[in-house]
Amino acid sequence: MKHTALALIASAVLAGAASARDVVVRLTCDTPEQLEQVESVAASIWNCRYGVGAPIDVQIDESRVGELDRLGLTHTLVVPDVQAVFDAERGEIESRRRLRDITWFENYHTYDEINAYIDQLAGEFPGLVTVRTIGTSLEGREIRAFDVVSPDAPADAPVVLFNAGQHAREWIGPATTLYIADRMLREFGSDGRTSDVVNNVRVVFVPLVNPDGYVYTWNVNRNWRKNRRNNGDGTWGVDNNRNWSEYWGGSGSSDYGGSETYHGAAPFSEPETRALRDLALSEPHLVAHVDWHSYSQLLLYPYDGFQSSPIGSERDFFVALGDDMAETIWHTTGRNYTPEPGYQLYIASGTCSDWFSLGASARSWTFELRPEGSPGFVLPPDEIIPTGREMLGAALQLIERSGMPLLIDYPAGHPAFTEPETPTHVEAFLTDSTEALTPGSIAVSWRPQGGSFSPLSSSPVGANGVEFWLPPTPCGRTVEYTIDATTARGSAVRFTGTVLAIETTAYLDDDAETDQGWVYGDPSDTGTDGQWERGDPDRTLLQPDFDTSEGGTFCFVTGAAEEGYDLNNDVDGGTVSLISPRIDLTGAGGTDPTLSYQRWVYTWINDYFTDDWFRVSISDDDGATWTVIDEPTEKKGGWNLVEHRVLDYVAPTSEVRLRFQANDGAADSPVEMGVDDVRIIARACTGCGPADLTTQGAGAGDPAYGVPDGAVTAADVNYFVNAWVAQDLATADLTAQGAGVGDPGYGVPDGAVTAADLQYYVNLWVLGCP
Ligand code: 0X9
Ligand code: ZN
């Protein structure tokens, strides 16, 4: 970017904190000259699409907006008062800090808090997390990386590197990378897909590359982008994402220190870019990389630097994966992300992603997160988790396709539960991802809970499949398996599964593929259009294009529209209701049935449309009275799995019904709802269950010691206490530490024998044989 003398002065004067009268307007420049003139009057260009022909968001002093008019540029107001937006954000963050029932990912955090959270993860998951310092910023702050990988992964496992925070003001980037790490760690061991990734790929996270800039955005100027280099000429900051060596100094970067895209004195002149580069160079098995930014909702693939790129056959890979990730995101939260090559957006030189592509031979992406436009970098904190969710799905896909040597597919789904004392059939197929399966190399092993692994016989299914039976397991205990294979290149790949044996009773199990007697509409409904139906949804602006059932087609939806961006087929004029068939919950009394369902909710609810609503209710008197269990607040669609403990809301009568309602208020804005996979399921161990451990009167040395006899007596508690004292995991590990009745970890073994297990056993023992 070139600067006139006037531009230098203007930018230098306005580079400080936003004045009380700064606004943001959106406009499109048609010529490079216009763009230069806009830069000369702008305080800052927010999304840094320094391009011609595409809309840019320009922060400008209100008193200078007239100069844009004189340039003949039409513009629309995006942010009416920049400082007010910054102040409101800080107010929101501070008030959230005072809330007690708030999780870490429901607020933004300072540099120190981010480091503390990394320490917390390392403390909670010592076997999976390794923290390292990769460098020191200009102002002396530690730049941190941490690895997430299972200790069982091969030492030469493929490496995927995720970084964020090159740009200081893009706060959602560090938050999102931490969210991804957090979910991977917490779901390892229970979620099959996450476990497979963590067992085979090392993911290196660098959530905050530019700590000085980040601290500056918290303390001085919320809108700061670069690092805090004193350029020595009265200007401050180098754009880290123009400081890399590929095409350094080329177009789309500036040699003026006051520019938002100043490339620095030389390639890698900055300690922040050097730290990340050296980390990458120390990883010989690096295969993929994402540099997270905001905003605009884009999935950018190589190259940034010039147009006629030699990306060649790799292009097909990026296009296919980009489309798939965009689809996953849309399915998760209903947000639209656009995959495209970076140069197509605008040319940028000396970028991180181009260096990772060319200097580190990794498949490298730049992701631009939420929002699409307004409010720019100031994304509300309640969007951190939804952004994290949409990115987790995309990130897993990216890791699988560019990191996992092989992938696994379970045609009948990844088994999670099985009937007690019954062999479990598992069938899986291994497909090539970055490497090719060696035929005949698949081997299976298993272990009972607390036991050790031993080989399990299996039979091949076709060239790449395997089937096997897991041995019968007592109620309440898990059985684990591994599927090991090797590739033509000699890599060892491991897939795992954990299956809990438990008695399952389904009181309702409805994937909407057949009609199970739902009622579409209620006499009290006021809606005039968009009545509930069981249908095959067809993608519109408001509506999903898929249901959520494995191999399914149908869901419940408020008007299954025809393909197209159809605003007409939504709910209009009032409320529409969907009511379930009568559900008989008698017999569920002693158990803890869970309601689960998938929902899709689309609305424009905001300051203007406050009278739209969605409501999910339950009745135990055939619909005479209703208890509200959910009032969904997500807005732009995406399928969400929701779970509730049914007996928290209703008594276990024979006349339970569910009701799903969507309401279009007076403003007549778009309203659409979808529901699928509605289930009420109880999982429990009945009979004497785990409390019956041994024959009456038996003691150590007797042959009946440890053989259940259908009665729960003093001999059983004696047997348990002996096992508990001996720290015998197979018998005495019953529940997660500290869990009590009502906690989700109650009854879930955690690999440690603690006071919680004794407590749990005593409770079972008191129950006897129900
Ligand atoms: O300009 C950048 O550094 C990135 N955008 S941002 O608004 N977060 O600053 C994008 C770089 C990706 N490359 C290209 N757009 N060519
Ligand atoms: Zn950025």
Side-chain angles (χ1 to χ4, degrees), residues 1 24 26 35 39 42 44-59 163-177 206-210 213-214 217 222-227 237-244 246-248 250-254 259-264 270 272-273 276 289-309 311 318 322 337-358 364-379 387:
M1 179 187 320
V24 175
R26 183 166 303 167
L35 183 59
E39 284 166 347
S44 166
I45 295 187
W46 274 24
N47 47 352
C48 294
R49 290 183 183 215
Y50 285 41
V52 167
I56 54 175
D57 291 345
V58 180
Q59 182 184 329
N163 76 262
Q166 284 203 93
H167 290 150
R169 61 192 173 184
E170 300 165 10
W171 287 5
I172 186 62
T176 300
T177 48
V206 187
L208 195 41
V209 174
N210 172 15
Y214 190 75
T217 60
R222 175 65 182 87
N223 202 32
W224 191 255
R225 165 182 166 97
K226 302 183 284 180
N227 73 0
V238 171
D239 180 357
N240 300 94
N241 206 29
R242 299 294 182 276
N243 188 238
W244 298 71
E246 299 296 336
Y247 317 118
W248 182 85
S251 61
S253 69
S254 172
S259 165
E260 298 275 46
T261 53
Y262 174 48
H263 49 51
E270 305 311 298
E272 296 86 8
T273 51
L276 191 53
H289 164 254
V290 181
D291 179 24
W292 260 280
H293 290 255
S294 69
Y295 55 101
S296 292
Q297 297 177 196
L298 301 166
L299 309 172
L300 302 176
Y301 53 85
Y303 292 105
D304 297 330
F306 61 103
Q307 250 178 70
S308 49
S309 59
I311 189 171
F318 281 105
Y337 279 66
T338 308
E340 63 179 321
Y343 68 80
Q344 199 166 296
L345 181 67
Y346 56 83
I347 290 189
S349 300
T351 67
C352 175
S353 275
D354 277 358
W355 183 84
F356 270 85
S357 299
L358 296 162
S364 177
W365 300 77
T366 303
F367 286 180
E368 299 274 3
L369 295 167
R370 292 186 188 194
E372 215 156 14
S374 173
F377 307 107
V378 184
L379 185 71
T387 307

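In each ligand, atom 1 is the first atom listed, and ligand 1 is the first ligand listed.
Not a single donor-acceptor pair under 3.5 Å links the side chain of Thr338 to the backbone N or O of Leu298. Judged by distance alone, with hydrogens and angles left aside, the side-chain atoms of Asn163 form no donor-acceptor pair with the main-chain N or O of Val206 at under 3.5 Å. Proximity of a side-chain donor or acceptor of His263 to a complementary backbone N or O of Ser254 within less than 3.5 Å is detected. No side-chain donor-acceptor contact under 3.5 Å links Asn243 to the backbone of Gly264. The backbone N or O of Arg169 sits less than 3.5 Å from a side-chain atom of Arg222, completing a donor-acceptor pair. Remark: side-chain polar atoms of Asp304 are not paired, donor with acceptor, to backbone N or O of Thr351 under 3.5 angstrom. Without hydrogens or angle criteria, Trp224 side chain to Lys226 main chain gives a donor-acceptor distance under 3.5 Å.
At a 3.5 angstrom cut-off on N or O pairs, Tyr295 does not count as close to ligand 1. Considering backbone and side-chain N/O of His293, one or more are found under 3.5 Å from N/O of ligand 1. The shortest N/O to N/O separation between Gly342 and ligand 1 falls below 3.5 Å. Where the criterion is an N or O separation shorter than 3.5 Å, residue side chain and backbone included, Trp46 fails it with respect to ligand 1. Below 3.5 Å of separation, one finds an N or O of Glu170 facing an N or O of ligand 1. Looking at ligand 1, you won't find any N or O of Thr366 less than 3.5 Å from one of its N or O atoms.
Between Phe377 and Trp46, the ring center distance clears the sub-6.0 Å criterion. The ring of Trp365 has its center no closer than 6.0 angstrom to the ring center of Phe356.
The side chain of Leu300, and not its backbone, has at least one atom closer than 4.0 Å to an atom of ligand 1 (non-hydrogen atoms only; side chain from C-beta on). Within the 4.0 Å heavy-atom criterion, neither part of Gln166 lies near ligand 1. Contacts between Leu345 and ligand 1, counted as non-hydrogen atom pairs separated by less than 4.0 Å, involve the side chain only.
Sorted by chain and number, the protein atoms of type N, O or S within less than 2.8 Å of the Zn ion (ligand 2) are His167 ND1, Glu170 OE1, Glu170 OE2, His293 ND1.
Contact annotation: Glu260 has no heavy atom less than 4.0 Å from any atom of ligand 1. At least one heavy atom of Arg225 sits closer than 4.0 Å to an atom of ligand 1. Under a 4.0 Å heavy-atom criterion, Ser294 is in contact with ligand 1. Not a single heavy atom of Thr351 sits under 4.0 Å from any atom of ligand 1.
Side chains of Trp292 and Thr176: no donor on one and acceptor on the other come within 3.5 Å.
In terms of heavy atoms, Asp291 sits closest to Cys352 at OD2-CB, 3.6 Å. What you find for Ile347 and Ser251 is that their closest heavy atoms are CG2-OG, 3.5 Å.
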